[in-house]
Amino acid sequence: LAKTTQPISMDSYEGQEVNITCSHNNIATNDYITWYQQFPSQGPRFIIQGYKTKVTNEVASLFIPADRKSSTLSLPRVSLSDTAVYYCLVGDKDGGSQGNLIFGKGTKLSVKP
Amino acid sequence: GAVVSQHPSRVICKSGTSVKIECRSLDFQATTMFWYRQFPKKSLMLMATSNEGSKATYEQGVEKDKFLINHASLTLSTLTVTSAHPEDSSFYICSARPHSAGSYEQYFGPGTRLTVT
């Protein structure tokens with residue numbers, strides 16, 4: 001399973017765009033990149049998932065370069081409620097794998113007014 | 001859709017007793033469920049992978065006789081902490097992987113806060 005490296009913490013202000021980069025140098029061909037958000041005393045919440053290039057949904061965008069050794073989660077115009085820990089994970093696609101998720105330390109994002 | 005519930009949300013028990021935590025996928029079938037433990041200000045740590053109808057696979061360092069996992073149906077997995085001790089106090093989170101997942105998706109429960117006194 002590919003190991004991920006993220007900044008421990010980031011600070012931002014309301015209304016700003018936040019980009020959190022994750023390194024996963026040993027990502028495998030079948031691995032997807034998934035980002036989760038976790039608030040204190042709650043289970044993680046799925047944000048976005050991608051395999052390559054760019055994925056966008058109503059919450060965030062995920063940018064993945066061609067070599068897939070890193071990815072960037074982009075949160076547009078953050079608000080105070082986006083203060084949370086963000087985890088980047090890589091994992092196998094279905095097809096025999098159990099899909100074990102190994103959580104790294106995550107990035108603690110603090111949004112200030 | 002894709003809702004996972006856990007029960008109870010909080011539990012306080014005395015040292016030496018056993019506690020059962022339920023994880024249910026409410027609107028989908030889950031062939032595989034996962035159990036995690038999270039200590040304060042730490043990341044989630046995978047404890048075991050639970051497959052319906054078969055024995056759970058435990059991560060290294062997790063005692064299978066202490067943390068009993070039963071995945072009796074496609075919508076229910078239970079984690080029983082046996083002979084609980086204060087060091088077992090933690091936040092336990094389950095996740096479920098949809099049976100028909102074509103990509104890599106897991107949905108997490110809200111967690112169970114266990115306090116052992």
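Within every chain, numbering begins at 1; the chains are lettered A, B, ... in the order of the sequence lines, protein sequences first and strands thereafter.
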Using a 6.0 Å cut-off, check whether atom CD1 of B:Ile12 has over 12 heavy atoms from anything other than its own residue.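 No.
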Is there a path from B:Tyr107 to B:Leu76 through hydrophobic residues (I, L, V, M, F, W, Y) whose side chains come within less than 4.5 Å of each other?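 No, separate clusters.
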Does any heavy atom of chain A fall under 4.5 Å from the side chain of B:Lys41, the backbone, both, or neither of them?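 Looking at B:Lys41, nothing touches chain A.
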Within the 4.5 Å heavy-atom criterion, are B:Leu44 and A:Gln38 side-chain neighbours or not?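 Yes, at least one pair of side-chain atoms sits under 4.5 Å.
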From A:Phe103, A:Tyr87, A:Phe39, residue fulfilling ring pair (Phe, Tyr, Trp, His ring centres under 6.0 Å) relative to B:Phe108: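 So the option named by the test is A:Phe103.
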Got a sec: does the NE2 of B:His7 have more than 12 other heavy atoms crowding it under 6.0 Å?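 Check fails, neighbour count at 12 or below.
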Please name the pair of heavy atoms, one in A:Lys105 and one in B:Ser43, separated by the smallest distance, quoted to 0.1 Å.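 Closest approach of A:Lys105 to B:Ser43, heavy atoms only: CA-CB, 4.1 Å.
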Please say yes or no: joined through hydrophobic side-chain contacts below 4.5 Å, possibly via intermediate residues, are B:Val62 and B:Ile21 part of one cluster?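 As far as the 4.5 Å side-chain criterion goes, B:Ile21 and B:Val62 are connected within one cluster.
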For the residue pair A:Gln42 and B:Ile93, what are the closest heavy atoms and their distance?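 Distance-wise, the nearest heavy atoms are O-CD1, 4.3 Å.
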So what's closer than 4.5 Å to chain A heavy atoms on B:Gln6: side chain, backbone, both or neither?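 Nothing of B:Gln6, per the 4.5 Å heavy-atom cut-off to chain A.
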Just wondering, more than 12 heavy atoms not from B:Lys66 lying within 6.0 Å of its NZ?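 It does: B:Lys66 NZ has more than 12 such atoms within range.
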Is it possible for you to say whether A:Tyr51 and A:Phe63 belong to one hydrophobic cluster, with membership spreading through side-chain heavy-atom contacts below 4.5 Å?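 No, no single cluster joins them.
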Below 4.5 Å, heavy-atom pairs only: which of A:Gly106, A:Pro40, A:Gly104 has the largest tally toward chain B?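 Most pairs with chain B among the choices: A:Gly104.
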